[in-house]
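Dropping a structure here in structure tokens format, bear with me for questions.
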Amino acid sequence: MASGESTPNPEEESGLGRNFITQIIDEHNASGRFDGRVHTRFPPEPNGYLHIGHAKSINLNFGLAEQYGGKFNLRFDDTNPTKEKQEYIEAIIEDVRWLGADWEDRLFYASDYFGQLYEWAVRLIKQGDAYVDHLNADEIREYRGTLTEPGKDSPYRDRSVEENLDLFERMKAGEFDEGECVLRAAIDMASPNINMRDPVLYRILHEAHPRTGTEWHIYPMYDWAHGQSDSIEEVTHSLCTLEFEAHRPLYEWCLEKLGIYQPQQIEFARLALTYTILSKRKLIQLVEEGHVSGWDDPRMPTISGLRRRGYTPEAIRAFTDQIGVAKANSMIEIEQLEHFIRQDLNYSANRVMSVLNPLKVVIENYPEGQVEQLEAVNNPEDESAGTRMVPFSRELYIEQDDFMEDPPKKFYRLAPGREVRLRYGYFITCTDVIKDADGNIVELRCTYDPETRGGHAPDGRRVKATLHWVSVEKALQAEVRLYDRLFSQEDPSKVANGQTFIDVLNPDSLQVIERAYVEPSVQGAEAGTRYQFERLGYFCVDPDSTDEKMVFNRTVGLRDTWAKIQKQK
RNA sequence: UGGGGAGUGGCCAAGCGGUAAGGCAACGGCCUUUGGAGCCGAAGAUCGUAGGUUCGAAUCCUACCUCCCCAGCCA
């Protein structure tokens with residue numbers, strides 16, 4: 001071990017630390033297997049929108065390329081036209097770009113290689129390594145055997161090369177119906193690895209493809225397309241999730257049979273988050289059954305949902321870097337993600353005052369009709385953000401939670417007879433509580449100390465609390481959407497018998513406040529603008545905003561010590 | 001019960017034979033015109049279990065236990 005001296009380690013400077021993948025890459029670099037190249041790719045299937053789990057993969061792949069001075073490709077794995085759509089392709093491109101991964105001019109599609117893939121399949125047939133099978137799907141399953149019993153050869157397995165060539169060409173020409181026959185690799189029906197029991201390479205699909213239209217009637221399976229696509233693009237390290245581990249022998253078999261350049265497949269554990277579902281199938285269901293407003297519903301773990309929610313690419317990258325990458329299945333607590341968006345926004349978001357649940361305050365000794373502009377700091381963490389003016393008047397709104405008629409010990413906000421500070425405003429003292437016929441508090445009468453303008457007391461006296469507020473006359477009315485976790489259970493994929501993840505949806509995941517008040521400085525802010533509503537949390541302007549009514553989404557609340565005290569009781 | 005993987009504090013995760021990094025969470029205190037942020041501090045791990053090798057094991061060996069993945073003409 002080198003002692004003392006701090007030799008700068010490039011790996012420690014980038015966000016990603018060391019992990020089992022960098023270790024493998026280092027070994028390859030040491031042995032010269034890829035001549036020191038590092039070339040990764042992100043290979044999404046365009047059958048849905050990208051989610052935070054994909055962000056882990058994107059940041060990993062792009063991050064490694066960056067870290068080693070290599071290249072990164074974006075390649076669509078578009079081999080199944082029955083599930084894939086152009087809409088998804090476009091959304092995915094937007095999301096990957098937004099996350100900050102740069103594929104430069106290397107945007108590819110597996111469908112770009114359909115011609116080459118077909119030729120290679122012909123080569124396999126000529127080598128006696130593939131055959132056309134007329135067993136139907138059920139029969140193929142039966143012949144495959146089970147986990148503990150070997151399979152048996154298809155009766156069509158020993159067709160002649162000529163016959164196979166002819167049949168395969170006719171498959172391509174569209175002469176057969178879907179399901180009538182398939183092209184299979186001839187490997188080993190007794191292999192303990194089921195994926196090696198003569199896997200299907202091509203199936204017939206009379207379906208229009210988003211990119212190749214009706215040109216093809218046969219489409220390659222993942223196992224036949226993926227490795228060769230990696231090979232064509234000269235990818236060095238082909239990263240995928242754990243469930244493909246058992247496919248690696250097949251990945252390598254294909255490449256070896258073709259005698260072409262062979263990348264290294266490496267598998268890592270996919271991301272799992274508490275109170276979240278990251279299965280594309282289930283996300284599609286949430287959208288199609290209307291449990292959420294769409295793919296970009298701010299409650300969705302999709303990239304577009306997180307974006308609309310107010311998350312930043314920087315926060316997502318910090319998160320994926322920090323959780324690391326390994327081969328152990330694990331579940332990250334959602335709090336970890338929330339930590340990183342708070343951390344980012346704390347430094348980047350301007351502060352603003354907003355009252356969500358208004359309680360009217362009348363300052364009896366403040367002149368009627370008077371409005372003063374008071375200076376407020378935009379961001380205490382960033383002096384360059386400057387200041388703004390906030391209007392103060394005789395009638396204000398404060399948060400209902402900030403007043404208690406009969407406060408417990410640790411509550412040190414406003415109460416009868418108590419003096420508190422209005423942020424950037426004045427010290428006020430509550431003199432009277434006004435209630436309606438049902439005993440609900442509807443208004444507070446207070447007095448203010450003109451000497452405390454801006455929030456400082458010349459005599460040095462102190463107050464325990466500082467409250468946010470808004471001028472009744474000058475405040476903007478806005479809609480505020482408060483989001484909570486979409487599921488009420490930590491692992492929504494593990495539900496009681498007879499239930500599905502739908503049954504465990506959190507009924508309170510969205511709370512809409514139709515009439516919240518925000519200081520006027522936010523007027524006209526464009527969609528996506530992020531703020532910290534002081535003492536409440538981080539919010540961003542939703543695209544639903546109009547000139548008449550702004551709409552804000554709560555990205556995440558501030559850490560709330562008072563709420564914690566209340567919880568402890 | 002075939003094959004392939006994984007088990008390190010509440011949640012992640014370093015570590016690669018020399019005596020357990022870091023992050024999140026939780027806890028105590030300081031500070032504060034956000035009960036935010038920040039700062040300081042303390043606590044928390046017999047490294048799945050049991051054996052073995054070694055002067056020394058989370059790291060090597062053996063056995064066992066638990067969990068995950070594979071029987072789509074999905075990816």
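Residue numbers begin at 1 in each chain, while the letters A, B, ... track the order of the sequences.
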- Query: If you look at every strand shown and take non-hydrogen atoms under 4.0 Å, does A:Glu381 touch a base, only sugar-phosphate, or nothing?
  - Reply: base

- Message: Can you check the distance between B:rC16 and B:rG2, where both ends of the measurement are the P atom (answer in whole Å)?
- Response: 34 Å

- Hey, does A:Pro150 reach any base, or is it just sugar-phosphate, or nothing, if we go heavy atoms under 4.0 Å? nothing

- Item | A:Lys327 NZ - B:rG15 C1' separation (whole Å) | 18 Å

- Task: Would you mind building the protein contact string for nucleotides 64-75 of chain B? One character per nucleotide, 5' to 3', B for base within reach (heavy atoms under 4.0 Å), S for sugar-phosphate only, - for untouched.
- Result: ----SSBBSBSB

- Query: Rounded to the Å, how far apart are A:Leu60 CG and B:rA13 P?
  - Reply: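 Atom-to-atom, A:Leu60 to B:rA13, this comes out as 12 Å.
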
- Is B:rG35 paired to anything, Watson-Crick or G-U wobble with both distances less than 3.5 Å, and if yes, which nucleotide? none

- Return the minimal non-hydrogen interatomic distance between A:Ser354 and A:Tyr517, and the atom names on each side. OG-O, 3.0 Å

- G-U wobble or Watson-Crick pairing nucleotide for B:rU66 (cut-off 3.5 Å, both distances):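 Here B:rU66 is engaged in a pair, and the nucleotide opposite it is B:rA6.
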
- Separation of A:Glu534 atom CD from B:rG36 atom C1', in whole Å?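 It is 9 Å, rounded to the nearest whole Å.
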
- Message: Between A:Glu372 and A:Arg453 (salt bridge meaning N to carboxylate O under 4.0 Å), is one present in this structure?
- Response: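 So A:Glu372 pairs with A:Arg453 through a salt bridge.
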
- Query: Starting at the 5' end of RNA chain B and moving along, which residue's nearest nucleotide shows up first, A:Thr452 or A:Glu245?
  - Reply: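 Result of the comparison: A:Glu245.
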
- Query: Can a donor-acceptor pair be found between the side chains of A:Arg421 and A:Thr466 at a distance below 3.5 Å?
  - Reply: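 Judged by distance alone, the side chains do pair up.
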
Please write out the pairs of protein N or O atoms and N or O atoms of nucleotides 24-29 of chain B separated by less than 3.5 Å, giving the distance to one decimal.
residue : atom : partner  : partner atom : Å
B:rC24  : OP1  : A:His339 : NE2          : 3.3
B:rC24  : O4'  : A:Gln336 : OE1          : 2.9
B:rC27  : OP1  : A:Gln568 : NE2          : 3.0

- Any strand: nucleotide that pairs with B:rG72 via Watson-Crick or wobble, under 3.5 Å: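 Per the H-bond distance test, none.
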
- Query: Taking atom C1' in both B:rG41 and B:rU54, what distance in whole Å separates the two?
  - Reply: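 My reading of the C1' atoms in B:rG41 and B:rU54 gives 40 Å.
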
- Item | Spacing of the C1' atoms in B:rA37 and B:rC30 (rounded, Å) |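 Per the computed distance, 14 Å lies between those C1' atoms.
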
- Task: For the pair A:Lys280 and A:Glu45, find out whether any cationic side-chain nitrogen is under 4.0 Å from an anionic carboxylate oxygen.
- Result: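 Between A:Glu45 and A:Lys280 there is no salt bridge, as every charged N stays at least 4.0 Å from the carboxylate O atoms.
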
- How far does the P atom of B:rG48 sit from the matching atom of B:rA13, given to the nearest Å? 14 Å

- Tell me whether the centres of the aromatic rings in A:Phe168 and A:Tyr118 are closer together than 6.0 Å.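 Yes, they do, as the ring centres are separated by less than 6.0 Å.
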
- Task: Indicate, with a heavy-atom threshold strictly under 4.0 Å, whether A:Phe411 touches base, sugar-phosphate, or nothing.
- Result: base

- Item | First encountered from the 5' end of RNA chain B, between A:Arg248 and A:Gly324 | A:Arg248

- Between OH of A:Tyr538 and P of B:rU34 the distance, given in whole Å, is 13 Å

- Electrostatic pair A:Glu267-A:Arg248, nearest N-O below 4.0 angstrom: yes

- Task: Can you sort out the partners of A:Cys540 under side chain to side chain contact (heavy atoms under 4.5 Å, CB included), two or more places apart, ordered by chain and number?
- Result: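 Here the qualifying residues are A:Arg530, A:Asn553, A:Thr555.
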
- Euclidean distance for P, B:rG5 against B:rC60 (whole angstrom): 16 Å

- Item | Between P of B:rA37 and CZ of A:Arg535, the distance in whole Å |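 The distance from CZ of A:Arg535 to P of B:rA37 comes to 14 Å, rounded to the nearest Å.
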
- Hey, is A:Lys152 close enough to A:Glu139 for a salt bridge, meaning N to O under 4.0 Å?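 The answer is no: the pair does not qualify as a salt bridge.
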
- Item | Exceeds 12 heavy-atom contacts within 6.0 angstrom, atom CZ of A:Arg461 | yes

- Task: Check the pair A:Leu201 / A:Met221 against side-chain contact (heavy atoms from CB on, under 4.5 Å), numbers first and verdict last.
- Result: CA-CA 5 Å; A:Leu201 265 23; A:Met221 300 287 290; 5.6 Å; no

- Item | Whole-angstrom distance between B:rG35 and B:rG22, as gauged at atom P |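 Pairwise P distance, B:rG35 against B:rG22, rounds to 31 Å.
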
- Of the nucleotides B:rC12, B:rU34, B:rA14, which has the atom closest to the A:Asn19 side chain?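 When the side chain of A:Asn19 is considered, B:rA14 is the closest of B:rC12, B:rU34, B:rA14.
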
- Message: Using a heavy-atom cut-off of 4.0 Å across all strands, would you classify A:Arg351 as base, sugar-phosphate, or nothing?
- Response: base

- Contacts of type side chain to side chain contact (heavy atoms under 4.5 Å, CB included), residue A:Ser57, not counting sequence neighbours: A:Phe42, A:Asn61, A:Phe268

- Message: In whole Å, measure the gap between the P atoms of B:rG3 and B:rA45 for me.
- Response: 38 Å

- Query: Does A:Ser191 have a side-chain nitrogen or oxygen under 4.0 Å from the phosphate oxygens OP1 or OP2 of B:rG3?
  - Reply: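 No.
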
- Message: Distance check, C1' atoms only: B:rG15 and B:rC47, in whole angstrom units.
- Response: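 Those two atoms are separated by 10 Å.
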
- Could you tell me whether A:Lys410 contacts a base, only the sugar-phosphate backbone, or nothing, with contacts defined as non-hydrogen atoms closer than 4.0 Å? base

- Task: With sequence neighbours left out, write down each residue that passes side chain to side chain contact (heavy atoms under 4.5 Å, CB included) with A:Asn193, or none if nothing qualifies.
- Result: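 So A:Asn193 forms a side chain to side chain contact (heavy atoms under 4.5 Å, CB included) with A:Ser191, A:Asn195, A:Met196, A:Ala246, A:Pro249.
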
- Query: What does A:Gln23 touch in the nucleic acid at a heavy-atom separation under 4.0 angstrom: a base, only the sugar-phosphate, or nothing?
  - Reply: base

- Query: Is the glycosidic torsion of B:rG72 within 90° of 0, making it syn, or is it anti?
  - Reply: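 Because its glycosidic torsion lies within 90° of 0, B:rG72 adopts the syn conformation.
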
- Verify whether the ring centers belonging to A:Phe539 and A:Tyr531 lie closer than 6.0 Å.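 Centroid distance A:Phe539-A:Tyr531: not below 6.0 Å, so no.
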
- Query: Can you tell which of B:rU32, B:rG23, B:rG36 lies closest to the side chain of A:Arg462?
  - Reply: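 Of all the options, the side chain of A:Arg462 is nearest to B:rU32.
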
- Interatomic distance where CH2 belongs to A:Trp469 and C1' belongs to B:rU34 [whole Å]: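 Taking CH2 of A:Trp469 and C1' of B:rU34, I get 14 Å after rounding.
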
- Query: Do A:Glu399 and A:Arg535 meet the salt-bridge criterion of a basic N to acidic O distance under 4.0 Å?
  - Reply: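 Judged by the 4.0 Å cut-off on N to carboxylate O distance, A:Arg535 and A:Glu399 do not form a salt bridge.
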
- Task: Nearest whole angstrom, please: distance from the P of B:rU34 to the CD1 of A:Ile398.
- Result: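 To the nearest whole Å, that distance equals 17 Å.
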
- Length of the line joining A:Glu399:CD and B:rU34:C1', which is rounded to integer Å: 13 Å

Which pairs, protein N/O on one side and nucleotides 41-43 of chain B N/O on the other, fall under 3.5 Å?
none

- Which part of the nucleic acid, if any, lies within contact of A:Glu338, taking any heavy atom under 4.0 Å across all strands shown: a base, the sugar-phosphate backbone alone, or nothing?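 Since no nucleic acid heavy atom lies under 4.0 Å of A:Glu338, the category is nothing.
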
